[in-house]
Amino acid sequence: MTTIDLVYINAGGGHRSAAVALEMAIREQYSGWQVRLVNLFEVLDPQDVFRRTTGVKPEDYYNVRLARGWTLGLAQELRILQMLIRLSHKSLVSQLRRHWLTTQPDLVVSMVPNFNRAMYQALALECPQVPYATVLTDFADFPPHFWIEPDQVQHLICGTPHAAAQARAASAKEGCVHETSGMIINPGFYRALNLDRRAEMLKLGLHPDRPTGMVMFGGHGSRVMRAISKRLDDVQLILACGHNAVLAGQLRAMRASAPRVVVGFTSKVSFLMQLCDFFIGKPGPGSISEAIQQGLPVIVVRNAWTMPQERYNTEWVEENAAGVVLDSFKSIRSGVARVEDHIELYRASVRSIQNRAVFEIPEILERILAAPARAGVDLAQHLRPPESLHLS
């Protein structure tokens, strides 16, 4: 069987969600392919030394920061992380070479930023005929050295024209840039549920005739949801807190004049979105794409606390008239009012966005597998000293 490795990390949750969604689509379309989900940090630290030394996994620190809203300064921290990755380059390549020597994939698909230079070179050294592809799970790259590494003979799968232009500008080889119609989301978001919306809302204690907002901040929630709930005291809301049980308890304890539904981690996000009229959350690529697929205009924020790789997402929302971009959730009432006042216009814009990326990418991978083996690779690259990085 053709063996495909989908490499992901758990930082933020979106990378793993995209990998799982793509695995589902591949299994539905290509029964002759064996898909393996590969957690990059487990490959790099198979003995779990980092967790046993520090008490947390590498991604836990990042996820806690998201839940608490501690995102100011992440752009500078990202450059420090990239410098450390480059200083560890030879060690990373060595560990990854051992992994691919043992596992022998037919195609490696990265759904991870920052590590693509090390992963690509390790595969080129150990399995030089095996193609390497990177799926950008963001609307755009955040150069340098985030998603796109210049002059590598690799395939880049991009969900927006802007990202594709960035890839071509980085001297990507002709024929190695592949455009899709959007971001990867779970195939379940494309299935018609044929629900009785009025009856389902009554079951949840919601008023079927009141505008309803879906509030969601990824798989770990965010404490800003408490402020949003308070400021929208008279707006009917469904608040999805993900794995943040403490936040869910706090929201349930808050009094509001409008009905509220508070849920923890759930597989029924698509169902809940179909009960709503608009979406409020962080400008994550997955959340925005899921909301739009369910026909919801989005309300997001762009300011100094917005993660650097997600800032372009807010520009995309404005360019596509897919919702409202605020300076702060302190003005969330005005954002909701703007969406409600022009709801039909926003709905029309959202309906015009057709995203089939999760079904398009398996076909792209099939073409990559059928293409001639990649040209020779400079096997001395991994011996070169790390490139200098500016932390500004």
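Predicted model, so just to flag it, every value in this text is computed and none were measured.
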Electrostatic pair Glu200:Lys203 at N-O distance under 4.0 angstrom: yes

Is there a donor in the side chain of Gln354 and an acceptor in the side chain of Ser181, or the other way round, less than 3.5 Å apart? no

Same cluster (ILVMFWY, side-chain, under 4.5 Å), Leu326 and Val339: yes

Side-chain donor-acceptor contact under 3.5 Å, Tyr30 with Glu366: yes

Give a yes or no on whether Leu251 and Val336 share a hydrophobic cluster (residues Ile, Leu, Val, Met, Phe, Trp, Tyr; joining criterion: side-chain heavy atoms under 4.5 Å apart). yes

Decide side chain to side chain donor-acceptor pair (under 3.5 Å) for Gln104 and Thr3; before the verdict, give the C-alpha distance in whole Å, the side-chain angles of both, and the deciding distance to 0.1 Å. CA-CA 8 Å; Gln104 292 293 308; Thr3 302; over 6 Å; no

Are any of the side-chain nitrogens in Arg255 or Asp233 under 4.0 Å away from the carboxylate oxygens of its partner? no

Below 6.0 angstrom between ring centroids: does that apply to Tyr346 and Phe278? no

On the 0 to 90° scale, with breaks at 30° and 60°, tag the Phe41-Phe115 ring pair as parallel, tilted or perpendicular. perpendicular

Between His162 and Glu315, is there a side-chain donor-acceptor contact under 3.5 Å, judged purely by atom types and distance? no

Salt-bridge criterion met for Arg168 and Glu179 (N-O under 4.0 Å): yes

Give the cluster check for Trp316 versus Phe279: same hydrophobic cluster or not, with ILVMFWY residues linked at side-chain heavy-atom distances below 4.5 Å. yes

If I compare all heavy atoms of Ala164 with all of Cys158, which pair ends up nearest, and what's the gap? N-CB, 3.7 Å

Donor-acceptor pair, side chain of Arg333 and main chain of Arg231, under 3.5 angstrom: yes

Give me the ring orientation class for His243 and Phe265: parallel if the planes are under 30° apart, tilted from 30 to 60°, perpendicular past 60°. parallel

Ion pair check, Glu149 and Arg86, cut-off under 4.0 Å: yes

Could you tell me whether Arg191 and Glu28 make a salt bridge, using a distance below 4.0 angstrom between a side-chain N and a carboxylate O? yes

Looking at Pro283, is its backbone amide N or carbonyl O close enough to the side chain of Asn313 to form a donor-acceptor pair, meaning the two atoms are under 3.5 Å apart? yes

Nearest 0.5 angstrom please: Arg198 CZ to Leu275 CG, how far? 13.0 Å

In terms of heavy-atom contacts, does CG of Asp327 have more than 12 from other residues, nucleotides or ligands at under 6.0 Å? no

Report the C-alpha separation of Asp234 and Ser257 in whole Å, then their side-chain angles, then the decisive distance to 0.1 Å, and conclude whether the side chain to side chain donor-acceptor pair (under 3.5 Å) test is met. CA-CA 5 Å; Asp234 58 345; Ser257 60; 5.5 Å; no

May I ask you to check whether Arg367 and His178 show a side-chain donor-acceptor distance below 3.5 Å? no

With no hydrogens and no angle check, just 3.5 Å: does a side-chain donor-acceptor pair link Arg98 and Thr102? no

Students often mix this up, so state it plainly: with edges at 30° and 60°, are the rings of Tyr120 and Tyr132 parallel, tilted or perpendicular? perpendicular

Does the side chain of Val43 reach to within under 4.5 Å of the side chain of Leu96, using non-hydrogen atoms? yes

Same hydrophobic cluster for Val112 and Val109, using side-chain heavy-atom links shorter than 4.5 Å among ILVMFWY? no

What about Tyr190 and Ile292, same hydrophobic cluster or not, with Ile/Leu/Val/Met/Phe/Trp/Tyr joined at side-chain heavy-atom distances under 4.5 Å? yes

Could you tell me which non-hydrogen atom of Pro143 sits nearest to which non-hydrogen atom of Gln166, and how far apart they are? CD-NE2, 4.0 Å

